[in-house]
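So that the names make sense, note that chain A is the first sequence line, chain B the second, and so on, each numbered from 1.
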2 protein chains.
Amino acid sequence: MSAAENQALKKVLHEHELKATSQRIALLKLLDGTSEHFDAEEIYLELRQRQKNVSRATVYRSLETLVDQNLVTKLDFGDGRMRYERSQGEDEHHDHLICERCGKVIEFFNLEMEAQQLFVCEEHDFVPSNHTMHIFGTCSDCHTLKANPEAETPSQ
Amino acid sequence: MSAAENQALKKVLHEHELKATSQRIALLKLLDGTSEHFDAEEIYLELRQRQKNVSRATVYRSLETLVDQNLVTKLDFGDGRMRYERSQGEDEHHDHLICERCGKVIEFFNLEMEAQQLFVCEEHDFVPSNHTMHIFGTCSDCHTLKANPEAETPSQ
DNA sequence: ACGAAAATAAGACTGATTCTCATTTACACA
DNA sequence: TGTGTAAATGAGAATCAGTCTTATTTTCGT
């Protein structure tokens, strides 16, 4: 209920020429308060949980609006629903390791890789706007536990 | 209608312990004959066009079966539908530059980038199985034409 | 050629997301 | 501090890619 936080978020929204609706503020507050990657439905349910009245449609629309303004980043982990996180600064971009067994997502940043990407773009006279790099596999925890009689990758 | 090609594809399917149905053969033939990245609906329509009788369900199921057998590769360009291409050899993996204006997809391979990926995985004690790297932006053609105000290329 | 197992066709179903439109809200300005 | 208006929202219908169900057909070993 921090009024100060509300005020700050209101300002952020106004700076992006967006109306500071209670729904948008609640949404940003939620994403600010976690490092998890929620999908739209989880965000919707959590906001209802918090007694915010908001509809699914608004969650989707607001997320899109915020993504357009680079206040939120949309992530595609390839499992049929999009995840969202509060955008870090442009310089704080990161990529993802995604465990196919437990679904854990590990963030990483590798400068050399970013450099190579720019190199590739130049080679092809391509002007990049953004990119996604997802490495799928098995995380530390999961392959340690692999002594279990579980079979191969379920592959979705 | 090359009977030889049919025979070859039949053999490929049998080698993977799959029944050589006319639908699967037609599907592989289609993907073999193009370098484009079709989505399931396009494949379905194209097969109908070619007088192959095949249902949408079969297109989806067969694609999944072929992907499981590594005969076909499934690509996620983040626009809500999957694309498919005939698998290259394991060593012929490539990543993608995706033009946000015209939808063109340029394939590339960068050894240094692949090496960095392995390095990142080791750092996190993560065992990779595969990865996707998509760089979105504007291709050469499109940003050259960008001075041209009437060249809108929708191409969903 | 025969039959069991596998594959298919058609369309119902699902789950995520988008759209529609009547109603409500934010906020610039009087 | 009210008010008009454009923007945003709520509720649910619609859409869209993809999956599932079931009766029917096909493949392929024998």
Side-chain angles (χ1 to χ4, degrees), chain A residues 6-7 9-28 37-48 50-69 71-72 74-84 103 154-156, chain B residues 6-7 9-28 37-48 50-69 71-72 74-84 103 156:
Chain A
N6 275 22
Q7 219 43 47
L9 291 175
K10 215 161 180 170
K11 191 178 160 199
V12 168
L13 287 166
H14 284 155
E15 281 166 358
H16 289 264
E17 308 194 298
L18 299 176
K19 290 193 174 176
T21 65
S22 62
Q23 292 85 349
R24 288 172 178 169
I25 291 170
L27 184 36
L28 282 179
H37 302 106
F38 288 125
D39 63 38
E41 184 68 12
E42 287 168 337
I43 290 169
Y44 169 70
L45 292 174
E46 178 60 27
L47 291 178
R48 307 287 290 201
R50 297 186 185 187
Q51 319 300 318
K52 308 297 179 187
N53 85 307
V54 64
S55 69
R56 245 181 281 262
T58 295
V59 169
Y60 279 103
R61 270 178 313 210
S62 300
L63 284 171
E64 190 172 304
T65 303
L66 296 171
V67 166
D68 285 347
Q69 293 299 318
L71 292 170
V72 168
K74 191 177 190 174
L75 304 169
D76 179 359
F77 293 157
D79 65 348
R81 62 213 144 112
M82 296 306 199
R83 314 305 169 91
Y84 300 86
S155 185
Q156 272 185 295
Chain B
N6 274 22
Q7 220 40 49
L9 291 174
K10 216 161 180 170
K11 192 178 160 202
V12 168
L13 287 166
H14 284 155
E15 282 166 358
H16 288 265
E17 308 194 298
L18 299 176
K19 291 193 175 175
T21 65
S22 62
Q23 292 84 347
R24 287 172 180 172
I25 291 171
L27 186 34
L28 282 179
H37 302 105
F38 288 124
D39 63 39
E41 183 68 12
E42 287 167 339
I43 290 169
Y44 169 69
L45 292 175
E46 179 59 27
L47 291 179
R48 306 287 289 200
R50 297 186 185 187
Q51 318 300 319
K52 310 295 179 188
N53 87 307
V54 64
S55 69
R56 246 179 279 263
T58 295
V59 169
Y60 279 104
R61 267 178 317 208
S62 301
L63 284 171
E64 190 170 303
T65 304
L66 296 172
V67 166
D68 286 348
Q69 293 299 319
L71 292 171
V72 168
K74 191 177 189 174
L75 305 169
D76 180 359
F77 293 156
D79 65 348
R81 64 212 141 112
M82 295 307 197
R83 313 305 168 91
Y84 299 87
Q156 294 266 37

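With sequence neighbours excluded, no residue forms a ring-ring contact (aromatic ring centres under 6.0 Å, His included) with Tyr44(A). Under the salt bridge (Lys or Arg N to Asp or Glu O under 4.0 Å) criterion, Glu64(A) pairs with no residue at all, not counting sequence neighbours. With sequence neighbours excluded, the residues forming a salt bridge (Lys or Arg N to Asp or Glu O under 4.0 Å) with Asp39(B) are Arg81(B), listed by chain and number. In this structure Arg48(A) satisfies the salt bridge (Lys or Arg N to Asp or Glu O under 4.0 Å) test with no other residue, sequence neighbours excluded. Residues forming a ring-ring contact (aromatic ring centres under 6.0 Å, His included) with Phe77(A) (at least two apart in sequence, or on another chain): His37(A), His96(A), His134(A). In this structure, Gln23(A) has no side-chain hydrogen bond (donor to acceptor under 3.5 Å, both in side chains) partners at least two apart in sequence or on a different chain. Glu42(A) is linked by a salt bridge (Lys or Arg N to Asp or Glu O under 4.0 Å) to nothing, counting only residues two or more places apart in sequence or in another chain.
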Using a cut-off of under 3.5 Å, enumerate the N/O to N/O pairs linking the protein to nucleotides 4-8 of chain C.
{"unit_1": "dA6(C)", "atom_1": "O4'", "unit_2": "Lys19(B)", "atom_2": "NZ", "d": "2.9"}
{"unit_1": "dA7(C)", "atom_1": "OP1", "unit_2": "Arg24(B)", "atom_2": "NH1", "d": "3.3"}
{"unit_1": "dA7(C)", "atom_1": "OP1", "unit_2": "Arg24(B)", "atom_2": "NH2", "d": "3.2"}
{"unit_1": "dT8(C)", "atom_1": "OP1", "unit_2": "Thr21(B)", "atom_2": "OG1", "d": "2.8"}
{"unit_1": "dT8(C)", "atom_1": "O3'", "unit_2": "Gln23(B)", "atom_2": "NE2", "d": "2.9"}

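Put simply, chain A comes within 4.0 Å of DNA chain D, heavy atom to any atom, from dA6(D) to dG12(D), going 5' to 3'.
For the helix from dA1(C)-dT30(D) to dA30(C)-dT1(D), the axis fitted to the five pairs at one end and the axis fitted to the five pairs at the other end meet at an angle of 30° (nearest 10 degrees).
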Practice problem: Give the B/S/- string for nucleotides 12-18 of chain C, one per nucleotide from 5' to 3', where a protein heavy atom under 4.0 Å of the base yields B, of only the sugar-phosphate yields S, and otherwise -. | Solution: ----SBB

Name each donor-acceptor pair under 3.5 Å that joins a side chain in residues 10-19 of chain B to protein atoms two or more places apart or in another chain, with its distance.
{"unit_1": "His16(B)", "atom_1": "ND1", "unit_2": "Gln69(B)", "atom_2": "OE1", "d": "3.2"}

